[in-house]
Number of protein chains: 2
Amino acid sequence: MVDESEELARLASDLRVAAFRLTRRLRIESHIDEVTDSQLTVLLWLSRLERAAPGALAELERVSPPSMNRTLNVLETAGYVRRIDDPEDGRRVIVEITERGAELASTARRRRNAWLKAELGPLPAADRRTLARAAELLDGMTLR
Amino acid sequence: MVDESEELARLASDLRVAAFRLTRRLRIESHIDEVTDSQLTVLLWLSRLERAAPGALAELERVSPPSMNRTLNVLETAGYVRRIDDPEDGRRVIVEITERGAELASTARRRRNAWLKAELGPLPAADRRTLARAAELLDGMTLR
DNA sequence: TATTGTTATACTCTATAACTATA
DNA sequence: TATAGTTATAGAGTATAACAATA
């Protein structure tokens with residue numbers, strides 16, 4: 001009989017290390033000098049959402065509103081986003097990504113996927129299926 | 001015939017998202033009020049290595065030497081690490097983790113694994129095998 | 001009174017450049 | 001002269017508390 005708890009601990013540890021290594025590597029590969037990691041993450045959100053309220057962005061990134069406000073100030077000054085007063089509610093502000101911001105976001109996305117695709121390409125189809133299934137399983141765990 | 005490039009892009013994207021989500025979740029679960037994330041990461045390194053030079057830690061975390069120096073100052077002031085002059089080379093310094101620091105590191109590691117084990121436990125054995133194999137594959141990619 | 005965003009303030013993390021001490 | 005570490009300085013991210021402005 002197998003010691004299941006021991007096996008579980010080993011799997012947990014291996015998975016944890018693998019995930020940390022992968023994310024670190026992806027960060028390095030997608031590094032863009034024009035903006036910091038936090039700024040880039042906001043641009044990536046905005047390139048998907050088109051527009052969003054500062055408060056919503058703060059929640060998405062789980063940072064405080066003042067913190068997000070500061071990041072938006074930097075991005076706006078640099079011309080990557082713009083703030084618009086919500087015509088329907090004077091308290092609200094709408095943040096939009098500019099064309100320059102969208103270009104930067106798409107470059108970053110391309111770089112990240114380029115490295116990963118190069119690594120995945122040579123793998124046997126069975127291994128790729130394993131990884132695809134693992135991604136599904138991990139999503140199930142973290143979304144709950 | 002399948003569009004392999006399209007499939008590869010999808011897999012890369014899914015894996016990337018899954019890995020980012022998992023690491024974020026693990027960070028949240030292992031959060032310790034006494035130290036910041038960066039400080040904890042250094043403690044986790046030191047609890048594995050026993051001792052390391054400041055420059056080596058800077059390389060491991062890919063930050064500049066002054067940046068690591070600052071983090072070490074905070075950790076040393078708080079009593080989680082200590083600096084010792086290398087007896088063999090007056091230019092060098094050895095950083096050691098203290099007992100308090102080791103306790104903190106082990107608490108963090110325990111919390112991370114506890115959450116992960118709770119998530120992995122209910123999975124069918126086949127899924128666990130899939131994840132174990134995925135961890136291996138990811139290691140192969142990042143270690144190269 | 002509640003909501004949304006911003007400003008004020010303070011601390012950490014980050015980097016580059018410059019400096020110290022030793023080899 | 002080269003190397004390891006540190007200090008000096010400054011920008012960016014983080015938070016909590018306080019302050020608009022609007023609903």
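We name chains A, B, ... by the order of the sequence lines, and we start the count at 1 in each one.
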- prompt: When clusters are formed by joining ILVMFWY residues with side-chain heavy atoms under 4.5 Å apart, either directly or through shared neighbours, do B:L8 and A:W115 land in the same one?
  reply: yes

- request: Please tell me which of A:L72 and B:D37 maps to the more 5' nucleotide of DNA chain C, matching each residue to the nucleotide holding its nearest heavy atom.
  value: A:L72

field: A:L75 CG to C:dT6 P, straight-line distance once rounded to whole Å
entry: 13 Å

- line: So the contacted stretch of DNA chain D, first to last nucleotide with an atom under 4.0 Å from a non-hydrogen atom of chain B, runs from D:dT3 to D:dA10

- request: Kindly compute the distance separating OG1 (B:T142) from CG (B:L137), expressed to the nearest 0.5 Å.
  value: 10.5 Å

query: When rounded to the nearest 0.5 angstrom, what is the spacing between CD1 in B:I97 and CZ in B:R48?
result: 12.5 Å

query: Is there a residue in residues 46-57 of chain B whose heavy atoms reach under 4.0 Å of DNA chain D, and which residues are they?
result: B:A53, B:P54, B:G55

Side-chain (B:S30) to main-chain (B:R112) donor-acceptor, under 3.5 angstrom: no

Nucleic acid contacts of residues 59-66 of chain A, taken as heavy-atom distances under 4.0 Å to DNA chain C: A:P65, A:P66

task: Output yes when a side-chain donor or acceptor of B:E76 lies under 3.5 Å from a complementary backbone atom of B:R83, and no otherwise.
output: yes

Approximate separation, where rounding is to 0.5 Å, of A:T107 OG1 and A:L40 CG: 10.0 Å

- request: May I ask you to say whether B:R100 pairs ionically with B:E103, meaning some side-chain N is under 4.0 Å from a carboxylate O?
  value: no

task: For DNA chain D, determine which residues of residues 83-98 of chain B have any heavy atom closer than 4.0 angstrom to one of its atoms, and list them numerically.
output: B:R83, B:R91, B:R92, B:V93

query: Which heavy atom in B:L44 sits nearest to a heavy atom in B:R109, and how many Å separate them?
result: O-NH2, 3.3 Å

Nucleotide N/O of nucleotides 10-12 of chain C paired with protein N/O under 3.5 Å:
{"unit_1": "C:dA10", "atom_1": "N6", "unit_2": "A:R70", "atom_2": "NH1", "d": "3.0"}

- prompt: Separation of B:N69 atom CG from C:dT14 atom P, in whole Å?
  reply: 13 Å

task: Output yes when a side-chain donor or acceptor of B:R128 lies under 3.5 Å from a complementary backbone atom of B:G121, and no otherwise.
output: yes

field: Nearest atoms (heavy-atom pairs only) where A:P54 meets A:L72
entry: CB-CD1, 3.9 Å

May I have the list of side-chain donor-acceptor pairs in residues 11-20 of chain A shorter than 3.5 Å, sequence neighbours left out?
{"unit_1": "A:D14", "atom_1": "OD2", "unit_2": "A:R10", "atom_2": "NE", "d": "3.3"}
{"unit_1": "A:R16", "atom_1": "NE", "unit_2": "B:N113", "atom_2": "OD1", "d": "3.2"}

query: In terms of side-chain geometry, is the basic nitrogen of B:R82 or B:E96 positioned less than 4.0 Å from the acidic oxygen of its partner?
result: yes

Nucleotide C:dT14, atom P - distance to CG of B:N73 in whole Å: 14 Å

field: Non-hydrogen atoms of A:T71 and A:V42 that approach each other most closely
entry: CG2-CG2, 4.2 Å

query: Of all heavy-atom pairs between A:L60 and A:L49, which one has the smallest distance, and what is that distance?
result: CD1-CD1, 3.9 Å

Closest heavy-atom pair and its distance - B:P122, B:A118: CD-O, 3.1 Å

